[in-house]
Amino acid sequence: VSAFAPTNIALIKYWGKRNQELNLPITNSLSFALPVGTTTSLSSHQDHDVVTLNGTLQGHDSAFTKRLVNFVNKFRPHNSFLKIDTVNQIPTAAGLASSASGFAALTLAMNELFNWKRSPHELSIIARQGSGSACRSLFSGFVEWHKGSQDNGEDSFAEPLNILWPEFKMGLWIFSEKEKPIDSRKAMQQTVATSPLFSAWPEIVASDLAKMRQALIEHNFSQVGEIAEHNALSMHAMMMGATPPILYWLKESVEAMHQVWRLRKTGVEVYFTMDAGPNLKLIYLEETKPLLQRLLPHANLILF
Ligand code: DP6
């Protein structure tokens, strides 16, 4: 069987867990799905698991294999072995949220192979246990992840928002496809444990989220962009406050932020968000895409 799930990029970020094992978040978050993602193929295998990534066999002891196998072990029938083939349309581990689409596609494929017939809501709860943000990749468009309050995580799932906005786009501005210096899982833990700025985060998210929902309903593009930038920069500020400090930005990242702000001053409606990596994600309307390509001719852009 084979299943596809989209990459999602958060407009309101998930950063901080109340349960590490189940990936239960401290706050809600809200994302937008890209038209690209991960396709995962799954088949039964004789006596051991086989894992490939973009066509390359992964060792049994590799971090990638271990993470997938730990996840499927929670859900598969005993004594069943699998061949898991993951194909990403965008680079793995460059802060481009490939684990989200990967675990969501794997969850959808398991639903098929094991004939679970579970609903997207139930699958979201399962995918979350592979990677928190994966629970949002079960859906397209704008999606909110409800943090939930139960200890078992049964009320922590994502749900699509009823917002149709076909002109709304997000793209990538890539400076580096290298593995990040610290993975988001560790960085998140370190932030919660050591950053004195973390105590302000739940309130920042609650306020940004309420404004974001309203701006999305009204299709108020500049509001959406401003809130998204504010939320991302607040998340990075609190990471910088951790001990030792976490700084994903490269000098290119900072230059690009200034470039986005300069473009806005000249009337080009473009905004950015950033995740656990140095690359920028651009937020724009469809009509602005040709202008961005013309005004940023030397940038490594993937615009949709
Ligand atoms: C910065 O979902 O990758 O992209 O639950 O530990 O697998 P784990 O973390 P992950 O974290 C994503 C963090 C983020 C923000 C977001 O997507 O909301």
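For ligands, and for the atoms within them, numbers begin at 1 and follow the listed sequence.
Near Lys17, meaning under 4.0 Å from one of its heavy atoms, ligand 1 places the atoms 5 (O), 6 (O), 8 (P). Close approach to Ser131 involves these atoms of ligand 1, each under 4.0 Å from a residue heavy atom: 2 (O), 3 (O), 5 (O), 7 (O), 8 (P), 10 (P). Atom numbering of ligand 1 starts at 1 in the shown order; those under 4.0 Å from a heavy atom of Gly132 are 2 (O), 5 (O), 7 (O), 8 (P). Contact atoms of ligand 1 toward Ser133: 2 (O), 3 (O), 10 (P), 17 (O) (distance under 4.0 Å to a heavy atom of the residue). Atom numbering of ligand 1 starts at 1 in the shown order; those under 4.0 Å from a heavy atom of Trp15 are 1 (C), 13 (C). Within the listing of ligand 1, atoms 16 (C), 17 (O), 18 (O) sit less than 4.0 angstrom from a heavy atom of Ala10.
Phe175 has its side chain out of reach of Glu255: every pair of non-hydrogen atoms, C-beta onward, lies at least 4.5 Å apart. Looking at heavy atoms from C-beta onward, Val50 lies out of side-chain contact with Phe81 at the 4.5 angstrom threshold. When side chains are defined from C-beta on, Phe168 counts as touching Ile283, because their heavy atoms get closer than 4.5 Å.
With atom 4 (O) of ligand 1 as the reference point, the heavy atom nearest to it among Leu30, Ile9, Asp275 is part of Asp275. Atom 9 (O) of ligand 1 has its nearest heavy-atom neighbour, among Arg185, Arg136, Met188, in Met188.
A salt bridge between Arg76 and Asp49 is present, with a side-chain N of the basic residue lying under 4.0 Å from a carboxylate O of the acidic one.
At least one heavy atom of Arg67 sits under 4.0 Å from some atom of ligand 1. Between Ala100 and ligand 1 there is no heavy-atom distance shorter than 4.0 Å.
Environment of NZ in Lys74: crowded, with over 12 heavy atoms of neighbouring residues, nucleotides or ligands closer than 6.0 Å.
Here the shortest heavy-atom pairing between Phe139 and Pro160 reads CD2-CD, 3.6 Å.
A donor-acceptor pair shorter than 3.5 Å can be found between the side chains of Asn115 and Lys117.
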